[in-house]
Amino acid sequence: MTRESHVPSLTLRLFSTIVLGFMLVSVITLYITNYLKDFTLNSILREYRQVQVMYADEITRQLAQAQERITSLGSSYLVDMGTSVEALQDERQYEAVRCQNEISTSMKNWQFQYPAVTGYYVYGQTADVFIFGVRSQNYQSSTWFKEQLKSKAEPFTQINGWRLLESPMGQILIFNVVRRDLCYGAWVQVDALWTELGLNESDMRTFDILPAGAEMPAWGHVIDVPIEDTGYIIRQTLADQAVALPQTVQLLQLLAYLTLLIIPLSWLALRRLIFSPLRELTTAIEEIDRGNTKYRIPAKATSYEFDQLNRQFNRSIEAVANAEAKAYTSQLESERIRIRYLTQQMQPHFVLNTLNLVYSMEPDQYPLMIKTLLCLSRYFRYVAHISEPLVPMEAELEHVKNYFQLQQIRYPDNFTYDIQCPEELLEMLIPPIVIQTFAENAIKHSLVIGMVNHVKVRIEMAKEQLHISIHDTGTGYPDDVLEKIRLFQQTRVRQEGLGLGIQNTIERLELLYGHNAGLSFCNAPKGGAQVDIFLPEARSRRDAKKMS
């Protein structure tokens with residue numbers, strides 16, 4: 001037997017192809033877009049950095065020149081810090097005044113040579129020396145600086161090199177060097193520095209002078225360029241708008257995201273136009289395979305091709321259902337014939353046994369003979385008039401009582417019986433001869449001469465089903481008989497040595513009720529065989545027709 005190879009679903013293959021195609025295009029587009037984005041961004045930042053390096057070089061050059069001048073000034077001029085000018089002798093006093101005038105003149109000249117530097121100073125508190133050179137437009141800020149310098153002389157004497165301080169006018173970058181108890185220094189007002197470099201107000205807001213290694217901000221693009229020999233950097237923080245990508249790159253990026261968006265949109269369109277109709281068609285085929293010929297594909301507006309295909313499928317199933325209905329009617333009639341045949345199978349051996357009993361009676365047993373023949377005639381009358389698959393419970397129980405009376409005539413004082421049925425269940429419809437079949441088995445297979453066997457028939461409702469229980473006090477079912485019954489219920493293969501009545505009854509119940517009926521065989525805990533029959537509730541001929 002050849003194994004069927006597993007063929008992937010057309011829907012799965014089609015969807016996979018579409019998704020992989022779009023994903024490949026999206027990945028390639030996103031890769032190109034990201035590459036262009038990074039390349040363009042790096043190019044823009046590189047241009048900003050080049051401009052910033054120019055600013056840093058210019059600032060470094062001017063600060064270096066200021067630093068060199070101040071350092072050389074401290075080395076060249078000697079001012080006696082031990083005594084004030086007024087306390088010096090003629091020549092030394094004259095020399096001190098000349099040095100101070102010369103220093104002041106040099107500082108004024110430097111203002112024009114190095115405009116980035118706001119001012120210069122020489123300060124000595126002991127010698128009462130204060131020489132100040134500042135550009136005229138920064139005179140107010142230099143006044144504040146002079147006051148701070150006089151009030152805080154001690155900290156400045158400890159500064160060597162560049163230091164960034166905060167002031168009411170903003171940041172101030174100070175260079176200070178100490179020579180012979182004199183402080184020589186220069187300072188730069190940062191805002192004025194940006195103005196000297198030609199920056200407008202919006203550009204100035206993007207620049208900062210910070211200590212090297214300052215913490216990075218959480219937003220924007222950062223460019224750091226060091227100011228040599230100062231320990232500080234120039235940082236420019238650019239917003240995203242300042243480094244906006246060209247329209248071509250933005251369009252490519254938008255195209256990449258649109259391509260990703262097309263995947264779910266395409267899936268929704270294909271699902272509605274192709275996949276859903278295909279799934280409905282597959283579901284219909286599966287329902288037909290399970291025998292549900294009443295299933296139809298619902299009418300739905302999808303596409304002309306699937307609409308025609310669904311209509312043709314429904315017409316084909318309608319034709320199959322009509323043909324199946326005719327075949328089912330024919331089969332049902334044959335099953336009814338089979339039921340009648342199986343019913344007749346249970347009659348001959350019982351009739352012959354009863355006639356043999358009458359034949360063996362003595363003439364003085366004439367009344368008993370008459371009773372036996374009357375019971376037998378009632379038996380024949382009941383069996384002969386069975387024309388429906390279901391009969392009332394009351395008629396069936398009267399037949400069972402008549403059967404028990406015949407058996408008591410045959411086996412006097414060897415068994416008793418008891419039938420319990422609520423009055424409201426007497427109108428229930430059940431298959432004929434079912435109870436009698438198992439009552440006959442209870443007498444035939446469990447009766448022991450010399451012992452009294454009691455047969456009890458009980459009818460009740462259990463969970464919306466009719467429960468019929470036949471129990472005797474005999475020896476019970478042998479294990480091999482229970483095994484044969486189990487095999488026959490599972491396989492429907494006739495079992496040798498198993499009574500014909502049991503097998504026929506099992507088949508009859510299946511033909512009438514399918515899986516809606518239950519039949520179990522066991523040995524009761526206190527001894528004896530027990531049969532439990534569970535049947536659907538049927539109280540009218542209409543119910544009987546539905547089950548037949």
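Using modelled atom types, no side-chain atom of Gln495 and backbone atom of Gln503 make a donor-acceptor pair closer than 3.5 Å. Asp208 places no side-chain N or O within donor-acceptor distance of the main-chain N or O of Leu210, the cut-off being under 3.5 Å. With hydrogens and angles disregarded, a donor-acceptor distance shorter than 3.5 Å links the side chain of Asp472 to the backbone of Ala529. Listed for the Glu464 side chain is no donor-acceptor partner under 3.5 Å among the backbone atoms of Ala462. Using a distance-only test at 3.5 Å, with no hydrogens or angles considered, a donor-acceptor pair links the side chain of Asn402 to the main chain of Cys375. Between the side chain of Asn453 and the main chain of Phe415, no donor-acceptor pair closer than 3.5 Å is present.
Taken from CD in Glu398 to NZ in Lys401, the straight-line distance is 5.0 Å, to the nearest 0.5 Å. Atoms CD1 and CD1, from Ile223 and Ile234 in turn, are 11.5 Å apart once rounded to the nearest 0.5 Å. Between the CG atom in Asp224 and the CD1 atom in Ile233 there is a gap of 3.5 Å [rounded to 0.5 Å]. With rounding to the nearest 0.5 angstrom, the OG1 atom of Thr505 is 11.0 Å from the CD1 atom of Ile435. Atoms CZ and CG, from Arg508 and Leu519 in turn, are 11.5 Å apart once rounded to the nearest 0.5 Å. A distance of 9.5 Å separates CZ in Phe404 from OG1 in Thr416, rounded to the nearest 0.5 Å.
Heavy atoms of other residues, nucleotides or ligands lying less than 6.0 angstrom from CG of Asp479 number 12 at most. Enclosure of atom CE in Met361 by more than 12 non-hydrogen atoms of other residues, nucleotides or ligands within 6.0 angstrom is indicated. Other residues, nucleotides and ligands contribute over 12 non-hydrogen atoms within 6.0 Å of the CD atom of Gln420. Under a cut-off of 6.0 angstrom, the local environment of CD in Glu423 is sparse, with at most 12 non-hydrogen atoms contributed by other residues, nucleotides or ligands.
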Report the C-alpha separation of Met428 and Glu537 in whole Å, then their side-chain angles, then the decisive distance to 0.1 Å, and conclude whether the side chain to side chain contact (heavy atoms under 4.5 Å, CB included) test is met.
CA-CA 7 Å; Met428 288 288 185; Glu537 181 180 354; 3.4 Å; yes
Verdict with supporting geometry, Ile459 and Leu466, side chain to side chain contact (heavy atoms under 4.5 Å, CB included):
CA-CA 7 Å; Ile459 295 95; Leu466 185 65; 3.6 Å; yes
Please test Leu512 against Leu535 for side chain to side chain contact (heavy atoms under 4.5 Å, CB included), starting from the C-alpha separation and ending with a verdict.
CA-CA 10 Å; Leu512 287 170; Leu535 303 177; over 6 Å; no
Show your reasoning for whether side chain to side chain contact (heavy atoms under 4.5 Å, CB included) applies to Arg458 and His471.
CA-CA 9 Å; Arg458 185 177 62 182; His471 173 240; over 6 Å; no
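With ring centers used as reference points, Tyr513 lies 6.0 Å or more from Phe534.
In this structure the side chain of Ser469 never reaches within 4.5 angstrom of the side chain of Val531, judged on heavy atoms. Two residues are said to be in side-chain contact when any heavy atoms from C-beta on lie closer than 4.5 Å; Thr206 and Tyr48 fail this criterion. Side-chain atoms of Gln236 and Val225, non-hydrogen and from C-beta on, never get closer than 4.5 Å to each other.
Paired with Arg49 under the rule side-chain contact (heavy atoms from CB on, under 4.5 Å), one option of Leu45, Val53, Val51 passes, and it is Val53.
The two residues Leu390 and Ala538 come nearest to each other via the heavy atoms CD1-CB, 4.4 Å. Between Ala442 and Val455 the shortest heavy-atom distance is CB-CG2, 4.1 Å. Between Glu396 and Ile433, the shortest heavy-atom contact is OE2-N, 3.0 Å. The heavy-atom pair separating Arg235 from Pro217 by the smallest distance is NH1-CD, 3.7 Å. In this structure, Gln436 and Val400 approach most closely via the heavy-atom pair N-CG2, 4.0 Å. Closest non-hydrogen pair, Thr372 versus Leu406, comes out as O-CD2, 3.5 Å.
Using cut-offs of 30° and 60° for the angle between ring planes, the Tyr477 and Phe521 rings count as perpendicular.
His467 and Glu460 share a side-chain donor-acceptor pair at under 3.5 Å. At a cut-off of 3.5 Å, with distance as the only test, no side-chain donor of Gln50 or Arg46 sits close to an acceptor on the other residue.
Contacts of Pro422 classified as side chain to side chain contact (heavy atoms under 4.5 Å, CB included), with partners at least two apart in sequence or in another chain: Glu424, Leu425.
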